[in-house]
Amino acid sequence: MMLLRGPWPRRPRLPPTPRPAGRVHPPPRTPTPQVLCVKLCGNLKYSQSHLYSTVVPPDEITVNYRHGLPLITLTLPSRKERCQFVVKPMLSTVGSFLRDLQNEDKGVKTAAILTADGREIPATTLMEILLMNDFKLVINKITYDVQCPKKEKLSMEHATDMENVKSLVHRLFTALHLEEFQKKREHHLLEKIDDLRGQLQPLEQIKAGIEARSEAKTSGLLWAGLALLSVQGGALAWLTWWVYSWDIMEPVTYFITFANSMVFFAYFIVTRQDYTYSAVKSRQFLHFFHKKSKQQHFDVVQYNKLKEDLAKVL
């Protein structure tokens, strides 16, 4: 660039014209101001590096604060338009911001936010925490460096007042929306109860039939045990008083009692339960129940899960 400085070329002066006496001469003219002429020389391609501008580049992401709320401005990759996103720091998260970005421009296939050293930030992070430091925004595998303006640190009193205001707003919101929330919650629970009861109804019918058959078999088994004991007692009495004497049958009854003790001990070793009539009945009932359930394709695990879910809802 070459600068030419200097006055314009002057015309040759003529001698002054004689004027009549007594006339007032006009004031002298103001001298012509000097003009600065700028002439561009050379190739502009090599001189652009010396020119500076305050205009934001079209692909740069900026963060500004307007009315106390962060304003993120970026260029949409498909529409090539500058778009501004207003962020609510206490409510918005990284995941919600990325979803808003993808909803605004369908050309955004992948989007992620990284720290300055390249570590990915979780989607549950609040935007208030994110905007405390600089970060990187990756859109369709293109990385943008985002510089966040530094906010002035609040004083302890101001911070306490802000926390009190937030707590008050939260209590007001809860008080105003508690009834509506309870109605929605009640409606949701009623729908879930109806759904669980609808799934349990056919299972309950099948279970009732299986329980009736298992109970009948268990009762029959108990009556059969009583009959065997009665036959054993009658046989021992007949052998003692009609066939042999007590001197002969006493060792026999001793070994029979000892054999019964061995049977009871073997039951404990196998089942890890004491031999009581209630425990034997419950165990035999469950044995018959599960056997019948497999035959009728009754899913016991699913039934128990539905019953647990219904108990939690109720």
Side-chain angles (χ1 to χ4, degrees), residues 88 90-100 102-103 106 109-112 120-127 167 169-228 263-314:
K88 298 179 180 179
M90 297 300 298
L91 301 178
S92 301
T93 60
V94 172
S96 62
F97 171 70
L98 295 178
R99 285 194 297 270
D100 294 341
Q102 292 177 340
N103 294 334
K106 300 302 180 181
K109 303 300 181 182
T110 59
E120 186 174 0
I121 297 178
T124 56
T125 304
L126 292 175
M127 292 297 294
S167 177
V169 171
H170 178 71
R171 290 199 300 269
L172 289 175
F173 179 84
T174 304
L176 294 175
H177 296 80
L178 181 59
E179 184 177 358
E180 181 181 359
F181 173 77
Q182 289 179 345
K183 289 182 179 179
K184 290 182 178 180
R185 182 66 176 173
E186 182 181 1
H187 181 68
H188 174 71
L189 291 177
L190 291 176
E191 288 182 349
K192 191 171 182 180
I193 290 173
D194 293 339
D195 182 42
L196 292 174
R197 286 179 175 174
Q199 297 181 33
L200 282 171
Q201 184 176 1
L203 298 178
E204 290 285 359
Q205 296 176 357
I206 299 174
K207 176 176 173 289
I210 296 175
E211 285 181 342
R213 294 190 183 95
S214 301
E215 185 68 27
K217 279 197 170 186
T218 304
S219 298
L221 185 62
L222 294 177
W223 282 105
L226 178 62
L228 289 175
V263 171
F264 299 155
F265 187 69
Y267 177 86
F268 173 78
I269 293 176
V270 174
T271 62
R272 299 299 177 181
Q273 293 180 353
D274 293 334
Y275 186 87
T276 58
Y277 296 116
S278 59
V280 172
K281 179 183 177 181
S282 299
R283 183 177 181 83
Q284 202 61 38
F285 174 82
L286 291 176
H287 174 72
F288 289 137
F289 182 84
H290 285 281
K291 186 176 180 180
K292 287 290 183 181
S293 298
K294 290 182 180 179
Q295 293 177 358
Q296 298 189 12
H297 305 286
F298 178 76
D299 194 348
V300 179
V301 177
Q302 181 185 3
Y303 175 81
N304 291 334
K305 185 178 183 304
L306 292 175
K307 292 290 287 185
E308 290 176 359
D309 294 341
L310 183 60
K312 290 179 181 178
V313 174
L314 294 176

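Model, not experiment: these values are computed from the prediction.
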- Task: Write out all pairs satisfying side chain to side chain donor-acceptor pair (under 3.5 Å) with one or both partners inside residues 280-295, taking only residues at least two apart or from two chains.
- Result: none

- Value rounded to 0.5 Å, distance of CG in Asn103 from CG in Leu98: 11.0 Å

- Query: For residues 207-220, which residue pairs qualify under side chain to side chain donor-acceptor pair (under 3.5 Å), counting only residues two or more places apart or in two chains?
  - Reply: Lys207-Glu211

- Query: If you round to the nearest 0.5 Å, how far is NZ of Lys307 from CG of Leu203?
  - Reply: 10.5 Å

- Message: As an exercise, state the distance from CZ of Arg272 to OH of Tyr267, rounded to the nearest 0.5 Å.
- Response: 13.0 Å

- Judged by modelled atom types alone, do Glu308 and Asn304 share a side-chain donor-acceptor pair under 3.5 Å? no

- Item | Leu189 and Val313, any side-chain heavy atoms less than 4.5 Å apart | yes

- Minimum side-chain heavy-atom gap Met127-Val94 below 4.5 Å: yes

- Message: Nearest 0.5 angstrom please: Ile121 CD1 to Thr93 OG1, how far?
- Response: 12.0 Å

- Message: Using salt bridge (Lys or Arg N to Asp or Glu O under 4.0 Å), reason through Glu204 and Arg197 one step at a time and then give a plain yes or no.
- Response: CA-CA 10 Å; Glu204 290 285 359; Arg197 286 179 175 174; over 6 Å; no

- Item | Closest non-hydrogen atom pair, Asp309 against Leu196 | C-CD1, 3.8 Å

- Message: Counting only heavy atoms not in Phe265 (residues, nucleotides, ligands), do more than 12 fall under 6.0 Å from its CZ?
- Response: no

- Message: Nearest 0.5 angstrom please: Ile193 CD1 to His188 NE2, how far?
- Response: 10.0 Å

- With sequence neighbours left out, write down each residue that passes ring-ring contact (aromatic ring centres under 6.0 Å, His included) with Tyr303, or none if nothing qualifies. Phe298

- Message: Can you tell me if Glu191 has over 12 outside heavy atoms packed within less than 6.0 Å of its CD?
- Response: yes

- Measure the spacing between CD of Gln296 and CD1 of Ile206 and express it to the nearest 0.5 Å. 7.0 Å

- Item | Minimum-distance pair of heavy atoms, taken over all atoms of Ala112 and Glu120 | CB-OE2, 4.4 Å

- Task: Would you indicate whether Asp194, at its atom CG, is surrounded by more than 12 heavy atoms from other residues, nucleotides or ligands within a distance under 6.0 Å?
- Result: yes

